Amino acid sequence: MWAVDGAVMLRAADTGDAPEAISALQRMKKAGERNGVAVPLAFYNMTLRACKRSRPPASADATRLLREMREHGPGPDAKTYHEVIAAYARAIEWKLAEQTFEEMKRDFRGRGPTWHPSVRVYTSLISAYGKGGQFEKASELFESLFASSHVQLDTGVYNALLSAAVNSGRYKDAAAVFERMQTEGVRRNVTTYNGMLQSLGRQRRIRDMENMSQSMQRAGVMPNETTYSVLITAHGNSGNIDRALELLHQVIIAPRLHATAVIFNSALGACVKAGNLEGTQRVLRVMETEGVRSTLVTYNTLLMEASAERDWVRATKIYKELLLSGFAPDTITLDCLCGIEKLQACREERLREEIKRAELEGIDLPEFERTCDVSDSPVGNLPVLIRALADDRELEEVPGWRGFVSDALLRVLHVNNEYAEVEDTFKYMLTSDVTRTVHTYNSLLISYEARKEWQKAGEAMTQMTSEGIVPNALTFDALIDVCEEMGQWDRATTWLEQAQAAGHFQCEDDLGVLDLHRIRSAGTAQNACARIRVEE
DNA sequence: GTAGGGTTAG
């Protein structure tokens with residue numbers, strides 16, 4: 001009776017297709033009701049596995065499913081909790097992961113003093129802490145496991161701790177974990193080495209990284225897709241585009257490996273950072289011949305290139321293609337659309353050098369100075385181009401397209417200092433019932449921040465919450481900054497407390513040096529640190 | 001039904 005939907009669900013769980021798994025579960029429940037049979041727990045867990053693997057992670061679906069299981073059965077088991085906590089880890093929801101872990105212990109307390117959470121659940125929680133940049137918490141949990149006799153520590157937990165260190169920028173700690181695996185006799189696998197390669201790459205220790213890659217293969221551990229993407233990214237970030245493309249070629253011809261979209265995205269990133277437009281086009285062509293589909297990251301990377309060139313026509317075209325491919329823009333998309341300052345500065349520096357060379361050769365290039373003067377309108381005619389998408393018939397088939405176009409327009413208008421237009425566009429969204437997102441409100445809030453309108457910012461936050469939209473770090477950042485700047489200290493503190501309760505803006509005290517890498521602005525950072533001192 | 005790992009921004 002479950003065979004057909006079970007197979008659908010299994011495939012959905014493997015590919016991370018949460019909507020597909022959820023609808024299969026719904027069909028199973030209906031069939032179960034007709035026949036008076038309850039859907040087995042295993043299928044609920046399989047659906048949660050799909051939520052965990054879904055991109056972006058379907059953490060809200062996981063929350064709903066867990067609640068449903070608690071209220072109507074089947075009661076969650078250890079596997080259920082593992083999947084839910086892992087889904088939160090992938091969604092960088094470490095606070096939720098921590099809460100759910102506590103709830104699990106409470107639920108299972110009735111099983112007697114001999115019951116202990118499995119090593120896998122601990123691994124997922126450590127991973128959640130790591131993704132949230134909470135190395136102290138990850139380390140504390142690991143050490144308590146190390147000291148206890150209930151669980152046997154395996155390669156997986158060590159790997160989770162190692163990558164927690166890397167994700168929190170604690171490279172010395174990462175190296176210590178790597179050494180400790182050796183002394184404790186824990187086997188190192190490809191994930192272990194990938195963590196170390198990433199750590200060395202982020203420190204720009206390219207030679208050490210290449211040596212580590214060699215010793216990995218000497219130890220009989222073969223590189224996988226992740227290994228290649230880490231290596232390509234590191235070479236791209238240190239400007240060695242030739243080595244990056246050579247590695248891309250290697251993985252394409254490797255018999256046991258498949259060049260994934262992530263690997264192509266790493267290579268594209270290398271080209272974009274180097275300002276190598278021909279390289280980008282070449283990689284895109286190879287990607288197409290290899291039959292690899294673009295992801296949202298691909299489009300975001302291409303947007304970075306177009307906006308660095310201030311080629312707004314191309315940026316608009318890429319944004320449209322992104323929507324036509326069925327992707328919903330994320331925070332990064334909107335940043336990339338309006339231009340990454342560092343990349344724009346690099347490109348202008350290259351142009352300046354070109355001009356210098358041209359002048360030496362007696363050629364005049366007067367039009368460049370004009371394109372560089374962006375003080376009045378930083379994104380030129382981009383608002384006009386994005387606005388034109390609202391009349392684009394091709395987009396009409398894309399679900400939610402009006403909202404996506406409006407979200408882009410809001411951000412672009414804000415960046416172009418067209419504040420009255422921001423407000424008008426937002427009002428239009430309300431009156432025409434265009435779907436709002438967290439991005440809608442973030443653009444509105446940062447534009448209020450720019451105008452120092454703290455009351456309006458507060459009202460926008462209230463309205464956002466009443467619409468059931470969950471604020472993120474950028475939302476709180478804008479609110480806290482504007483309140484602080486206008487001397488609204490109590491309000492700023494209240495927002496900061498709310499933000500921290502949601503798991504944002506946590507500083508860690510690391511050898512007396514505060515770790516502020518997740519905090520966008522100096523203002524927010526100061527505020528967060530002031531609070532920590534008070535708490536101490 | 002096998003944990004853990006990767007790409008884009010600030």
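Chain naming here is simple, since letters A, B, ... match the order of the sequence lines and numbering starts at 1 in each. Values reported hereafter were calculated over all heavy atoms of this structure, with side chains retained and with hydrogens, waters and symmetry mates removed. Everything quoted here is computed from the prediction, not taken from an experiment.
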Counting just side-chain N and O atoms, does Arg49(A) come under 4.0 Å of either OP1 or OP2 of dT2(B)?
yes
Check: Asn265(A) side chain, dG6(B) base, donor-acceptor under 3.5 Å
no
Considering only side-chain heavy atoms of Arg55(A), which listed nucleotide, dA9(B), dT7(B), dG10(B), is closest?
dT7(B)
Residue pairs involving residues 274-286 of chain A (criterion side-chain hydrogen bond (donor to acceptor under 3.5 Å, both in side chains); sequence neighbours excluded):
Thr280(A)-Glu305(A)
Using a cut-off of strictly less than 4.0 Å, decide whether Thr227(A) has a side-chain nitrogen or oxygen near OP1 or OP2 of dG5(B).
no
Base, sugar-phosphate, or nothing for Leu296(A), non-hydrogen atoms under 4.0 angstrom?
nothing
Looking only at side-chain N and O atoms, does Ser163(A) come under 4.0 Å of OP1 or OP2 in dG4(B)?
no
Indicate yes or no: does Arg314(A) engage Glu309(A) in a salt bridge with an N to O separation below 4.0 Å.
no
On the 0 to 90° scale, with breaks at 30° and 60°, tag the Trp495(A)-Phe476(A) ring pair as parallel, tilted or perpendicular.
tilted
Answer with base, sugar-phosphate or nothing: what part of the nucleic acid does Ile332(A) contact at a heavy-atom distance below 4.0 Å?
base
The side-chain contact (heavy atoms from CB on, under 4.5 Å) partners of Glu102(A) (sequence neighbours excluded) come to Lys105(A)
Which part of the nucleic acid, if any, lies within contact of Glu225(A), taking any heavy atom under 4.0 Å across all strands shown: a base, the sugar-phosphate backbone alone, or nothing?
base
Looking at the base of dG6(B), is there any donor atom on it, or on the side chain of Thr260(A), that sits under 3.5 Å from an acceptor on the other one?
yes
dG4(B) phosphate, OP1 or OP2: any side-chain N/O from Ser124(A) under 4.0 angstrom?
yes
